[in-house]
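Encoded as structure tokens, the structure appears first; notes follow it.
A quick note: this is a predicted structure, and the numbers were derived from the prediction, not measured.
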Amino acid sequence: MRRPLRSVMGSLAIAAVAASVGMGALPAAARRDAKCPVTALDRAPKPVEITFWHAQVASNEDALHELVTRFETQQDRVRVKLVNQVTEPDLFNKYRAGLTTGTLPDLAEMNVLTLQSLVDSRSVVPIEACITADGYRMSDYVPRAIAAYTLQGVQWAMPWTVSNRVLLYDRNVFRAAGLDPDHPPTTLDEVTEYSRRIVERGAARHGIALPINPGLLTHLYTKSGQLYVNHDNGRAARATKTLLDNQTGRHIWTWWDHIVDSGLGINTGRAETDHLLAVGNGDAAMTIDSSEAVGPVFDVLSKGEFSHVDPGVAPLPALETGGGVMVGGGSLWLPRASSPEKQAAAWKFVKFVSAPEQQATLTVRTRGGYLPIRRSAIQDPALQQMWQQDPRTRVAYDQLLQGPTNPISAGPVLGDPSGTGDAVVDALTRMLAGDLAPKNAP
């Protein structure tokens with residue numbers, strides 16, 4: 001007999017936590033005592049080559065190559081070998097395998113979902129150790145970007161390719177439905193109302209395309225002001241259970257089920273791009289995705305594909321306005337297994353790509369898909385020009401600054417994000433198939 005989904009999800013979350021505890025979490029004091037050999041590069045024969053594992057693709061990968069070329073042109077002490085692991089899960093799985101085989105990079109790009117697992121692995125140098133050893137000032141950084149990678153008071157990684165979830169929509173469809181494309185929906189109820197108008201006017205077959213994506217659910221909880229797991233989202237102490245079953249959560253799940261069941265929305269399943277294609281081919285007027293998709297979407301449109309689409313970008317809708325959106329995207333981690341000179345070289349590269357000039361370049365090259373984490377970066381002339389000429393490219397950055405910065409908007413820290421995510425996918429799938437009532441899904 002199959003257990004109720006709520007029990008399955010709770011068991012998965014608790015089991016994941018128990019498994020990660022078994023790996024041996026470091027006491028907070030020991031983490032703060034970690035050392036970073038920032039001066040080791042001074043004594044090393046030059047150049048020192050570091051291997052950087054990343055998961056950038058398409059035009060975003062082109063932007064990374066541009067930054068590496070700039071870095072190597074400006075100095076002769078460090079060379080960077082880029083190794084594309086294609087997807088973030090592939091990168092993390094290869095890193096995890098490398099803990100046994102010994103094949104690890106000198107620098108790794110990871111997303112925030114890996115935070116607890118990497119800390120528990122004892123395989124990384126907390127970036128705070130390098131910050132302290134180098135006397136590196138952090139006052140210019142956007143606080144929420146730092147909060148995302150801070151656990152029990154320790155900053156473990158440097159935020160880098162920061163993004164967040166946005167609403168993508170076809171402005172032409174809005175016009176055809178008699179809706180103002182400059183005033184997109186800001187709440188989930190408004191998404192429903194806009195979708196009804198779009199379908200009734202025959203402007204598109206559905207109002208919104210929704211992929212079955214556990215990350216989307218996490219972002220909706222966060223923007224709606226709801227913790228996802230206990231102990232302040234796992235940041236004050238290790239999370240031991242999810243907090244999906246509450247009034248906020250039931251409203252979100254009910255909204256999702258209703259908009260798909262009514263035909264005002266369409267379920268595009270787990271495929272990575274089907275929700276975007278639904279907007280391109282007229283199946284839907286809106287969808288939700290990471291701002292990372294903005295650059296590639298604009299790139300596709302510039303080549304003449306889906307030329308009938310006039311893309312709009314808006315903040316992530318939520319149950320109500322005023323919440324803060326959580327940070328997505330990649331961060332930079334320093335594996336402990338690297339030699340002191342390679343750790344120092346990796347830290348030098350981290351400082352370079354985190355500098356205001358490089359952060360501005362990354363934002364411009366990705367058309368606002370990645371957000372500057374340095375407040376002074378927004379003074380860059382090229383960035384200012386892009387924002388002025390195309391306000392869509394500023395939406396995700398403005399959203400990063402809006403709402404409170406607190407444990408909710410910092411996002412949840414999970415011992416086993418894959419296990420919890422799989423349980424969420426199972427629940428969403430069963431709910432949308434009619435096998436599970438929305439009130440019993442979270």
Side-chain angles (χ1 to χ4, degrees), residues 2-23 25 87-93 95-96 110-121 148-149 151-152 156 164-165 210-246 248-253 256-257 269-270 272 288 290 325-329 331 407-432 435-436 438-442:
R2 187 165 188 167
R3 289 181 291 165
L5 228 303
R6 193 179 312 175
S7 171
V8 174
M9 294 182 71
S11 298
L12 273 172
I14 293 171
V17 168
S20 61
V21 168
M23 297 177 69
T87 71
E88 290 175 344
D90 287 342
L91 195 161
F92 179 68
N93 289 334
Y95 183 93
R96 187 165 53 183
M110 299 283 186
N111 67 36
V112 72
L113 292 177
T114 65
L115 175 57
Q116 187 71 70
S117 298
L118 289 171
V119 171
D120 290 342
S121 73
Y149 294 96
L151 184 61
Q152 296 182 40
W156 281 92
N164 55 53
R165 296 292 170 112
L210 293 171
I212 295 182
N213 185 305
L216 173 54
L217 187 74
T218 308
H219 282 262
L220 288 174
Y221 269 70
T222 300
K223 187 74 183 289
S224 299
Q226 173 62 50
L227 291 168
Y228 201 75
V229 293
N230 65 347
H231 300 314
D232 274 346
N233 257 347
R235 294 186 179 273
R238 180 179 294 275
T240 56
K241 65 178 180 179
T242 61
L243 300 177
L244 304 185
D245 188 11
N246 48 59
T248 296
R250 288 189 291 274
H251 283 167
I252 292 172
W253 288 74
W256 198 321
D257 180 69
R270 297 213 65 184
E272 290 188 4
I288 296 171
S290 168
V325 71
M326 65 179 283
V327 166
S331 57
I408 297 175
S409 60
V413 181
L414 303 171
D416 179 20
S418 296
T420 304
D422 288 346
V424 167
V425 167
D426 187 22
L428 282 171
T429 302
R430 293 180 61 207
M431 180 185 73
L432 295 175
D435 297 334
L436 191 67
K439 66 178 181 179
N440 296 326

Yes or no on side chain to side chain contact (heavy atoms under 4.5 Å, CB included) for L244 and Y228, after CA distance, side-chain angles and deciding distance?
CA-CA 6 Å; L244 304 185; Y228 201 75; 3.3 Å; yes
Approximate separation, where rounding is to 0.5 Å, of [X] [atom1] and [Y] [atom2]:
X	Y	atom1	atom2	answer
E88	N93	CD	CG	12.0 Å
L414	T114	CG	OG1	11.0 Å
S121	Y95	OG	OH	5.0 Å
T248	L227	OG1	CG	10.0 Å
I252	N246	CD1	CG	8.0 Å
R96	L118	CZ	CG	10.0 Å

Minimum heavy-atom distance between [X] and [Y], given as atom pair plus value:
X	Y	answer
L217	W253	CD2-CZ2, 3.4 Å
V413	V229	O-CG2, 4.1 Å
V425	P214	CG2-CD, 3.6 Å
A441	A427	O-CB, 4.0 Å
A148	V327	CB-CB, 3.9 Å

Within the structure provided, determine whether [X] and [Y] are in side-chain contact (heavy-atom separation under 4.5 Å).
X	Y	result
Q152	V119	no
R235	L115	yes
H219	M326	yes
N213	R165	yes
T240	N230	yes
T218	P412	yes
W256	L220	yes

Within the distance-only criterion (no hydrogens, no angle test), does the side chain of [X] pair as donor or acceptor with the backbone N or O of [Y] below 3.5 angstrom?
X	Y	value
T87	D90	yes
D435	M431	no
S331	M110	yes

Output, in order, the C-alpha distance, side-chain angles, deciding distance and verdict of side chain to side chain contact (heavy atoms under 4.5 Å, CB included) for R270 and L428.
CA-CA 11 Å; R270 297 213 65 184; L428 282 171; over 6 Å; no
Between I408 and Y221, does a side chain to side chain contact (heavy atoms under 4.5 Å, CB included) hold up when you go through it step by step?
CA-CA 9 Å; I408 297 175; Y221 269 70; over 6 Å; no
